[in-house]
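Everything below concerns the one structure shown next.
Start at 1 and go down the list; that is how both ligands and their atoms are numbered. Bear in mind that the values here come from a model prediction, so they are computed numbers and not experimental data.
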Amino acid sequence: EPAKLPPPMKSNGTKLVNDAQHPFKPLRPGDMRGPCPGMNTLASHGYIPRTGVASPSQIIEAVGEGFNMERNFATFITYLAHLSDGNQVTDLLSIGGKTSKTGPVGQHSKAPIGGFDFHNTFEGDASLSRGDSFFGDNHTFNETIFQEFIDFSNKFGAGKYNLTVAGELRFHRIQQSIATNPQMTFLSPRYTNAYSESAFPINFFVDGRHYNGQLDTTAARSFFQNMRMPDGFHRAPAPIGGEGFMQIGAAHPLKSGRNVKGVNSYKADPSQPKLGEFCKIYEDFVKNIVVPFYPKPTGDLKKALNINLGRLYDALTVVNGSKCPRLFPFGK
Ligand code: HEM
Ligand code: MG
């Protein structure tokens, strides 16, 4: 049965988080790391198990403690990832590739249990520091791609990554993928996540003591490449999520879609959720990802799925600010 959600944090202001209890340690053989610089860093500082395999509860607690990610926002994206990429019965998710460390497969005959690296569930194209899956590696830090993060910060942000830079770089990476990746896919939930993740470096990687929306590129590299908090790093001064994503989208509006016939054939798909249209994101996710992965669950699996879908829905209600119609694909 899924572990209880963590209690709310006792304090939610800034504090030293690169502290004596959470020292950076290099990878050991077998430790999993993947496409998310935030979770990689939390694992390398021991906020989640250093193996890189954790329960959703551990992840939600860690992103709050380590980065002050708002609890409901964290719960929503963690269950998007867990229901896509994790083992529902053992309650374990890999922040990297597929691994036997998430436990027995059981009834998951169609669910990949592929971890964060699994392509086109949560992970997707046009990332800011990783390549597209089509080119063979969607999870390792890519210096050539990250150089654009630096170049754009220099060009549009006087050497810092900020919302203006994020708007330009997000669009540029999408255009690059459209022009080079014949299978470029930018559908829900990747579409909204991509804009949200473009705001994360501003919201979470800027030190809480001088929280001014301007990320220094040396600090950026420390997280993105080295999975390491800078010395003395303090988390954000108040709980935060994907704030800024609508502004990043507004810099160069682009509809959700994909390349339909090779490179440069991007076509908007009008049936897709729009940016930040959370009720539709939820509905599309349940119908098109969760249900196909779990055609006829029974017993422990069904029970775990219902608990996890309930947590996704409850968190969504807070993130969305109002209720969406709830779906019960596996009964009540
Ligand atoms: C990207 C999962 C929390 C920062 C990603 C990706 C995944 C992921 C699967 C890959 C998407 C892609 O680029 O294709 C999660 C989950 C979280 C979480 C399940 C649970 C709460 C965080 C936190 C931070 C963060 C707390 C920052 C402190 C980022 C950034 C990217 C990213 C900056 C974009 C990387 C890039 O475009 O190269 N996340 N993440 N994430 N995540 Fe996380
Ligand atoms: Mg990606």
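For a threshold of 3.5 Å applied to N or O pairs, the pair formed by Ser127 and ligand 1 contains at least one separation below that value. By the 3.5 Å distance cut-off applied to N or O atoms, Thr78 is not counted among the residues near ligand 1. Of the N or O atoms in Ser129, one or more lie within a sub-3.5 Å distance of an N or O in ligand 1. Note: an N/O pair closer than 3.5 Å links Leu128 and ligand 1 by distance alone.
Leu309 and Pro329 get closest at one heavy-atom pair: CD1-CG, 3.9 Å.
Using cut-offs of 30° and 60° for the angle between ring planes, the Phe205 and Phe223 rings count as parallel. Aromatic ring pairs are classed by plane angle as parallel below 30°, tilted from 30° to 60° and perpendicular above 60°; the pair Phe171 and His252 is parallel. The aromatic rings of Tyr161 and Phe149 lie parallel to each other, with less than 30° between the two planes, well short of the 60° mark. Using a 30° and 60° split on the angle between ring planes, His22 and Tyr47 fall in the parallel class, below 30°.
Residues Gln88 and Leu83 are in side-chain contact: their nearest non-hydrogen atoms beyond the backbone lie under 4.5 Å apart.
Those atoms of ligand 1 that come under 4.0 Å of a heavy atom in Gly124, given as number and element, are 12 (C), 14 (O). The Phe67 neighbourhood of ligand 1 comprises atoms 28 (C), with distances under 4.0 Å to a heavy atom of that residue.
Within the 3.5 Å criterion, the main-chain N or O of Ser188 finds a donor-acceptor partner in the side chain of Gln272. Panel note: side chain Asn18, backbone Pro230; a donor-acceptor pair is recorded below 3.5 Å. Checking side-chain atoms of Asn212 against main-chain N and O of Gln214 turns up a donor-acceptor pair under 3.5 Å. Judged purely by atom type and a 3.5 angstrom limit, Asn259 uses its side chain to pair as donor or acceptor with the backbone of Ser265.
Among Phe76, Phe118, Phe116, Phe146, the residue whose heavy atom lies closest to atom 15 (C) of ligand 1 is Phe116.
Listed by chain and residue number, the protein N/O/S atoms under 2.8 Å of atom 43 (Fe) of ligand 1 are Cys36 SG, with waters left out.
Assignment of Phe205 to the shell around ligand 1 is supported, since a heavy atom sits closer than 4.0 Å. Residue contact annotation: His82 has no non-hydrogen atom under 4.0 Å from ligand 1.
Proximity of Ala81 to ligand 1, defined as any heavy-atom pair under 4.0 Å, is confined to the side chain (atoms from C-beta onward).
In this structure, the ring of Phe116 has its center no less than 6.0 angstrom from the ring center of His139. Between Phe141 and Phe224, the ring center distance fails the sub-6.0 Å criterion.
A salt bridge is defined here as a Lys NZ or Arg NE, NH1 or NH2 lying under 4.0 Å from an Asp or Glu carboxylate O, and Arg170 with Glu197 fails to meet this definition.
None of Ile59, Asp91, Leu92, Leu312 except one satisfies the side-chain contact (heavy atoms from CB on, under 4.5 Å) rule with His82; the exception is Asp91.
For the Mg ion (ligand 2), the count of nearby protein N/O/S atoms, taking only those under 2.8 Å, is 3.
For Asn72 and Thr75, the side-chain atoms include no donor-acceptor pair closer than 3.5 Å.
In terms of protein heavy-atom proximity, atom 9 (C) of ligand 1 is closest to Phe122 CD2, 3.4 Å. The protein non-hydrogen atom at the shortest distance from atom 3 (C) of ligand 1 is Met69 CE, 3.8 Å.
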